[in-house]
Amino acid sequence: QVQLAESGGGSVQAGGSLRLSCAASGYTYTTLCMGWFRQGPEKERESVATIAEDGSANYVDSVKGRFTISKGTAKNTLYLQMDSLTPEDSAMYYCSVNSYVFECGREVVSPSRFGYWGQGTQVTVSS
């Protein structure tokens with residue numbers, strides 16, 4: 001059973017920063033694609049960033065230059081450094097994992113390609 005635990009969310013003012021963390025466990029994939037996703041109120045879940053096994057990363061246009069996805073020294077940890085936050089970044093943020101995904105780290109990957117979700121961590125940015 002894959003388990004995902006996100007943390008690090010909170011309330012910040014516009015221009016502020018947050019660092020999200022994710023701990024993944026219970027998977028048996030040997031090749032890993034990991035990603036961050038978000039879902040705002042009454043919105044569809046959208047991809048934020050993915051990172052491939054080789055460390056290559058891809059970001060949705062709206063966060064490029066502001067967010068950085070990275071993996072921890074432990075293979076099952078994932079981070080999202082979020083800088084220059086805007087109110088439009090307010091959402092519940094989720095991490096997920098999958099086995100090999102061709103587009104991982106190269107293109108935006110639809111959340112439908114991932115099947116496991118944690119409880120998420122809320123990010124609220126005030127103007």
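Note that the structure is predicted; figures quoted are calculated from it, not measured.
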query = In the single-linkage hydrophobic clustering (I, L, V, M, F, W, Y; side-chain heavy atoms under 4.5 Å), do Tyr116 and Leu80 co-cluster?
reply = yes
remark   = disulfide bond (SG atoms under 2.5 Å apart) pairs touching residues 50-80, sequence neighbours excluded, are none
task = Please report the shortest heavy-atom distance between Thr77 and Thr73, naming the atom on each side.
result = OG1-N, 4.3 Å
remark   = Closest non-hydrogen atoms of Val48 and Tyr93, given as atom of the first, atom of the second and distance, are CG2-CE2, 4.2 Å
task = Taking all heavy atoms of Ser84 and all of Ser17, pick out the closest pair and write down the distance.
result = N-OG, 4.4 Å
inquiry  = I'd like to know if Leu20 and Val60 are part of one continuous hydrophobic network [Ile/Leu/Val/Met/Phe/Trp/Tyr, side-chain heavy atoms within less than 4.5 Å].
reply    = yes
query = Taking it one step at a time, do Tyr59 and Thr68 satisfy side-chain contact (heavy atoms from CB on, under 4.5 Å)?
reply = CA-CA 8 Å; Tyr59 302 86; Thr68 303; 3.9 Å; yes
task = Could you tell me which non-hydrogen atom of Glu6 sits nearest to which non-hydrogen atom of Tyr94, and how far apart they are?
result = OE2-CA, 3.4 Å
query = side-chain hydrogen bond (donor to acceptor under 3.5 Å, both in side chains) with Thr28: which residues, sequence neighbours excluded?
reply = none
remark   = residues 82-91 vs salt bridge (Lys or Arg N to Asp or Glu O under 4.0 Å), sequence neighbours excluded, gives Arg38-Asp89, Arg66-Asp89
inquiry  = Strictly by salt bridge (Lys or Arg N to Asp or Glu O under 4.0 Å), give each pair with a member in residues 114-127 just once, sequence neighbours left out.
reply    = none
query = What residues, two or more places apart in sequence or in another chain, satisfy side chain to side chain contact (heavy atoms under 4.5 Å, CB included) together with Ser56?
reply = Ala52, Asp54
Which pairs of donor and acceptor atoms, one on a side chain in residues 117-127, lie under 3.5 Å apart (sequence neighbours left out)?
from   : atom 1 : to    : atom 2 : distance (Å)
Thr121 : OG1    : Gly9  : N      : 2.9
Gln122 : NE2    : Ala91 : O      : 3.4
Ser126 : OG     : Val12 : O      : 3.4

ask   = Which pairs with one or both residues in residues 91-109 pass salt bridge (Lys or Arg N to Asp or Glu O under 4.0 Å), sequence neighbours excluded?
value = Glu103-Arg113
Straight-line distance of Ser112 OG to Glu44 CD, nearest 0.5 Å = 10.5 Å
request  = State, to 0.1 Å, how close Asn58 and Val108 come at their nearest heavy-atom pair, and which atoms those are.
outcome  = OD1-N, 3.2 Å
ask   = Is there a chain of hydrophobic side chains (I, L, V, M, F, W, Y, each step under 4.5 Å between heavy atoms) that links Tyr27 to Ile51?
value = yes
task = Could you list who else is in Tyr100's hydrophobic cluster, with ILVMFWY side chains joined at under 4.5 Å, directly or through other members?
result = Phe102
message = Under the rule for salt bridge (charged side-chain N to carboxylate O under 4.0 Å, His left out), what residues qualify as partners of Lys43, not counting sequence neighbours?
response = none
task = Could you name each residue pair satisfying salt bridge (Lys or Arg N to Asp or Glu O under 4.0 Å) that touches residues 118-127, not counting sequence neighbours?
result = none
remark   = Residues passing the side chain to side chain contact (heavy atoms under 4.5 Å, CB included) test with Ser25, sequence neighbours excluded, are Gln3
key: Heavy-atom check, side chain of Phe67 versus side chain of Leu85, under 4.5 Å   = yes
query = Is Phe37 reachable from Leu4 through a run of hydrophobic residues whose side-chain heavy atoms are each under 4.5 Å from the next?
reply = no
ask   = Do Leu18 and Trp36 share a hydrophobic cluster (ILVMFWY, side-chain heavy atoms under 4.5 Å, transitive)?
value = yes
task = Determine which pairs satisfy disulfide bond (SG atoms under 2.5 Å apart) with at least one residue from residues 72-127, sequence neighbours left out, and list them in order.
result = Cys22-Cys95, Cys33-Cys104
ask   = CD1/Ile69 to CG/Leu78 distance, rounded to the nearest 0.5 angstrom?
value = 4.5 Å
